[in-house]
Amino acid sequence: MTVTSVFVDKTEYSRYYPDLQVITATIQVSNPTQGATLSVALFRLDGYGAVVTKQITLAAATQYQVIFDLNRDCLDSLNIYRGKAGDYVIQVTDPSGNVIQSGMFAVSIVTVKEITTEWAKGVTFYDYEILRPRVQPQQITGVEVIEVTANHFKGPFPLAFTVGNPSTLSWNGGPQVPINGLEPQQLLLLDQRQQDDIIVNVDPLKLPTQNVTETLVIDNGRITDRAMILQVRRAMNWVQQQIITKIEPNVVDTDPVGYVDEVAIPETYYQPRNFNKWMSFKIPYPNVLDLSVTGWFNRGQVATVPRDWTVWDERTGIVELVPSNASQVVWTFYNGVFVLSYLFNYASIPSFWHYHATVGLRDLWNERAVVREAIAKKAVYEMLNTAGSSYRAGFSSQGVSRDGISENASYTSSAMYGVYGGHYGSYLTWLSENIPKMKSRFCGMQYITI
């Protein structure tokens, strides 16, 4: 039995977009062993690993499908969502421990489809003055077109690779250009008229082993889906910074062992002014979803706080230690966990509280959906700003006269806004007005009194 291929049905998914909530993975197997079990995992590539794993039992068929529902399958035992935005693959492990995985795909908070159909509807994101192939060479591997001459015709043209000593490339019936040596190189390819040309990067080690002719369609350049995905992630980080809370559940740890999203800073112990209250401290993260606490004196761990002793305010991050066997404040109950002389003899102990926590908003549904709107508008604001300049750099106005068959266009180097200025200007105004409200709503007032 051999798993020959694994692939998914789309390149981007999201729990927040109706058509993209379910990942369908197709697994092809040759010579299946009936009764054998395959382990299929939705695998995060940021270091977290498997978010959810499912088992399939083989029958006589050679093709199987596994469904991952982003809304149902990505919650852990504490009901915390672990399918955060990022890059993923589907990993399949056979009974012998061999692993094969699908191509990379994205899980997003705001998808490219949502941007193009809602937040930037009707915007083409074309480059007015730059030509590119609609799709880079797929059959002639190792070749990438990086530049097309500005006066090149649009449409389909053949790129030909010929095996030889040396091997050659030619463009649209033009001269054959030799590929010399095995080092990556850049070649200029003229067409048959020797008036238009393209420039390609070539990696000789990745070239085909036989002659191949492939048709490339030349058209206006445009922003790629991957570029949009990365812009959305930058917008997410910007919004996260502005509202001072993690947008999705993140793992933070002062003493990381294994995967963490962020290395946290230990907190200082301050002796309370009176002992008629439970021991407490504040971690520097709002929206605490899960927490474990230890006590340290310099580099030595002196206490491990039982999980059933810790209670916290989810929104503010204030943690209180309440022994489960006491109904009143009696500090001697802490003696089984802490060396009380530390707590009574010192006004403060630097970096005493160490912790492992999951922090962030539980989801972006209902009243929290405004965070998604902010991410979308921030991402589109930046993309429209770029699209305005790439449409026609410096373009300000155009006039056409039908009677005299005349046309004029004016350009400026001092324009404050581009072609989409009105569009992204409204997004900028919305962000400036609503970000402070979101910070107050989802983070609250953050302060520490010593």
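Side chains included, hydrogens not; waters and symmetry mates left out as well; all remaining heavy atoms used. The structure displayed is predicted, hence computed values, not measured ones.
Of the inter-residue distances, the one linking Lys154 atom NZ with Ile218 atom CD1 reads 11.0 Å to the nearest 0.5 angstrom. Interatomic distance, CD1 of Ile80 versus CG of Asp363, reported as 12.5 Å (0.5 Å rounding). To the nearest 0.5 Å, the span separating CD1 on Ile247 from CD1 on Ile109 amounts to 5.5 Å. With rounding to the nearest 0.5 Å, the separation of CG in Leu42 from CG in Leu70 is 7.0 Å. One finds the CG atom of Leu428 at 9.5 Å from the CD atom of Glu382 (value rounded to the nearest 0.5 Å). Distance check: Asn201 CG to Gln185 CD gives 9.5 Å after rounding to the nearest 0.5 Å.
Ion pairing between a basic and an acidic side chain is recognised when a charged N comes within 4.0 Å of a carboxylate O; Glu433 and Lys437 show no such pairing. Salt-bridge annotation for Lys282 and Asp313: absent, with no side-chain N of the basic residue lying under 4.0 Å from a carboxylate O of the acidic one.
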Candidate pair Leu78 and Thr358, rule side-chain contact (heavy atoms from CB on, under 4.5 Å), full reasoning: CA-CA 11 Å; Leu78 297 175; Thr358 300; over 6 Å; no

Worked verdict on Ile27 versus Val3 for side-chain contact (heavy atoms from CB on, under 4.5 Å): CA-CA 7 Å; Ile27 304 164; Val3 178; 3.9 Å; yes

Derivation of the side-chain contact (heavy atoms from CB on, under 4.5 Å) call for Lys84 and Arg44: CA-CA 9 Å; Lys84 59 178 289 190; Arg44 270 170 55 180; 3.3 Å; yes

Verdict with supporting geometry, Ile243 and Cys443, side-chain contact (heavy atoms from CB on, under 4.5 Å): CA-CA 7 Å; Ile243 65 177; Cys443 185; 5.8 Å; no

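At least one side-chain heavy atom of Arg226 sits less than 4.5 Å from a side-chain heavy atom of Met104. Arg315 places a side-chain heavy atom less than 4.5 Å from the side chain of Arg441. A 4.5 Å side-chain heavy-atom check between Val239 and Met438 finds at least one atom pair inside the cut-off. No side-chain heavy atom of Val99 sits less than 4.5 Å from a side-chain heavy atom of Phe43. Between Val89 and Leu45 there is a side-chain heavy-atom pair separated by less than 4.5 Å. A 4.5 Å side-chain heavy-atom check between Glu114 and Tyr16 finds every atom pair outside the cut-off. At a threshold of 4.5 Å between non-hydrogen side-chain atoms, the residues Glu118 and Val380 do not count as touching. In this structure, Val319 and Val288 have side chains that are not in contact, with every pair of non-hydrogen atoms separated by 4.5 Å or more.
Using a 3.5 Å distance cut-off with no hydrogens or angles, the side chains of Thr111 and Glu12 do not pair a donor with an acceptor. Residues Thr37 and Gln55 bring no donor and acceptor atom of their side chains to less than 3.5 Å of each other. A donor and an acceptor atom, one from each side chain of Trp312 and Thr310, are nowhere located under 3.5 Å apart. Using modelled atom types, one finds a donor on one side chain and an acceptor on the other under 3.5 Å when comparing Tyr259 with Asp261. Tyr285 and Glu262 are linked by a side-chain donor-acceptor pair at a separation below 3.5 angstrom, with hydrogens and angles left out of the test. Looking at Arg132 and Asn220, their side chains never bring a donor and an acceptor atom within 3.5 Å of each other.
At least one donor-acceptor pair closer than 3.5 Å links the side chain of Gln21 to the backbone N or O of Arg15. Side chain of Gln242 to main chain of Ile435: no donor-acceptor pair is present (N/O by atom type, distance under 3.5 Å, no hydrogens or angles). At distances below 3.5 Å, not a single donor-acceptor pair connects side-chain atoms of Tyr427 with backbone N or O atoms of Ala379. With hydrogens and angles ignored, the 3.5 Å screen pairs no side-chain donor or acceptor of Asn434 with any backbone N or O of Ala374. Remark: side-chain polar atoms of Ser102 are paired, donor with acceptor, to backbone N or O of Ile90 under 3.5 angstrom. Remark: the backbone N or O of Val145 is paired with a side-chain donor or acceptor of Gln136 at under 3.5 angstrom. Judged by distance alone, with hydrogens and angles left aside, the side-chain atoms of Ser14 form no donor-acceptor pair with the main-chain N or O of Leu20 at under 3.5 Å. Looking only at distances, a side-chain donor or acceptor of Glu248 sits under 3.5 Å from a matching main-chain atom of Ala85. Distance alone, capped at 3.5 Å, places no donor-acceptor pair between the Asn366 side chain and the Arg368 backbone. Listed for the Asp73 side chain is a donor-acceptor partner under 3.5 Å among the backbone atoms of Asp69.
Ring geometry for Tyr13 against Phe105 counts as perpendicular: the plane angle is over 60°, on a 0 to 90° scale with 30° as the lower cut.
Contact detail for Gly83 and Tyr88: the closest heavy-atom pair is C-OH, 3.1 Å. Considering every non-hydrogen atom in both Tyr355 and Glu267, the closest pair reads CE2-CG, 4.3 Å. Across all their heavy atoms, Arg362 and Tyr81 have their closest contact at O-CB, 4.2 Å. The shortest non-hydrogen separation linking Ala61 to Tyr64 is O-OH, 2.7 Å. Nearest heavy atoms, Met1 versus Pro32: CG-CA, 4.0 Å. Here the shortest heavy-atom pairing between Val200 and Ile198 reads CG1-CD1, 3.9 Å.
The number of heavy-atom neighbours closer than 6.0 Å to NZ of Lys206, taken from other residues, nucleotides and ligands shown, is 12 or below. By the neighbour-count criterion of 12 heavy atoms within 6.0 Å, atom CD1 of Ile199 is densely surrounded, having more than that number from other residues, nucleotides or ligands. Open room surrounds CZ on Arg72; 12 or fewer heavy atoms of other groups in view lie less than 6.0 Å from it.
For Phe281, the ring-ring contact (aromatic ring centres under 6.0 Å, His included) partners at least two apart in sequence or on another chain are Trp353.
Considering Asp253, Thr304, Asp255 in turn, Asp255 is the only one that fulfils the side chain to side chain donor-acceptor pair (under 3.5 Å) rule with His354.
With ring centers used as reference points, Tyr346 lies under 6.0 Å from Phe297.
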